[in-house]
Amino acid sequence: MQQSQKPLIIANWKLALDHEESVILAGKIANSQSEFTDSVQLVICPSATSLDAVSSSFGDSSQVEFGAQNAFYEERGPFTGEVSVKALKQLGAKYVIVGHSERRKYFRETNEDVAKKTMCALKHNLIPIVCVGETYEERQRQQAEIVVSEELQAALAHVTLQPNQHIIVAYEPIWAIGTGQAINAEQARLMGLVIHQKMIDLFPQQALKNTRVVYGGSIDGTNVRDFVDDRVLSGVLVGGASQRFADLQSLVFAFKKQ
Ligand code: PGA
């Protein structure tokens, strides 16, 4: 990670909001957007169907950025229902979440899918936010580091990070997502170190400045400061607490200088 970057807050709206609700929430944020971007780098990931309208709610000079929650790894073809990276980019996305545990669980996404999606995103100059994390049982069995390392190896082994390409890894212990039970911040930081080490193993030295690691799982305005530093974990991926204006505001305001 580069020094002196602002903390990264990635708002994962999941399927929590319909189109109208997404546009209303985006409008509220846009109305006070300088407050949302003076201390943090904010990336909003709405449903793909709302990406265009949400990103258009912010002016061209806005510092708020946008991402998709998923994308397919083929550019075009007989893949009914899928959405391409290229189309998402045309609708305003700069980032794409890849391999979220909900996609792995409910849509049977494999490590191989995650690898293909990551490479497709990089090819089209989108920044992949690659999600990795262990189940509660795996942590209990002391296998968390192995699981995360294997997921990273599978996702990134064939990635050659060019100087103009960036990648974000989100460490999301599966049992901490949507449960109100975040992992202990020190344990999150230790896993952050494991992830950085893995990237040191996989990528050339000059590419490492283009990598960031963030934490996700039951983050809100009360605990977010514990999970962000300027060395290991440089931001958060937030679901529930990013989907309501007041909660998102308290997340962002947690970083304002007193
Ligand atoms: P949560 O979700 O903040 O609601 O726990 C995080 C995520 O799924 O990215």
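First listed ligand is number 1; within each ligand, the first listed atom is number 1.
Contact check on Arg189 versus Glu186 returns a salt bridge, with a Lys/Arg side-chain nitrogen under 4.0 Å from an Asp/Glu carboxylate oxygen. Ion pairing between a basic and an acidic side chain is recognised when a charged N comes within 4.0 Å of a carboxylate O; Arg104 and Asp113 show no such pairing.
For ligand 1, residues of the protein lying within 4.0 angstrom by heavy-atom distance are Asn12, Lys14, His100, Glu172, Ala176, Ile177, Gly178, Gly217, Ser218, Leu237, Val238, Gly239, Gly240.
Distance CD/Gln165 to CE/Met119: 11.5 Å, rounded to 0.5 Å.
Met191 and Phe227 fall within the same hydrophobic cluster, defined by Ile, Leu, Val, Met, Phe, Trp and Tyr side-chain heavy atoms under 4.5 Å apart, directly or through other members.
Using a 3.5 Å distance cut-off with no hydrogens or angles, the side chains of Gln197 and Asp201 do pair a donor with an acceptor. The closest side-chain donor-acceptor pair between Lys117 and Asn70 falls under 3.5 angstrom.
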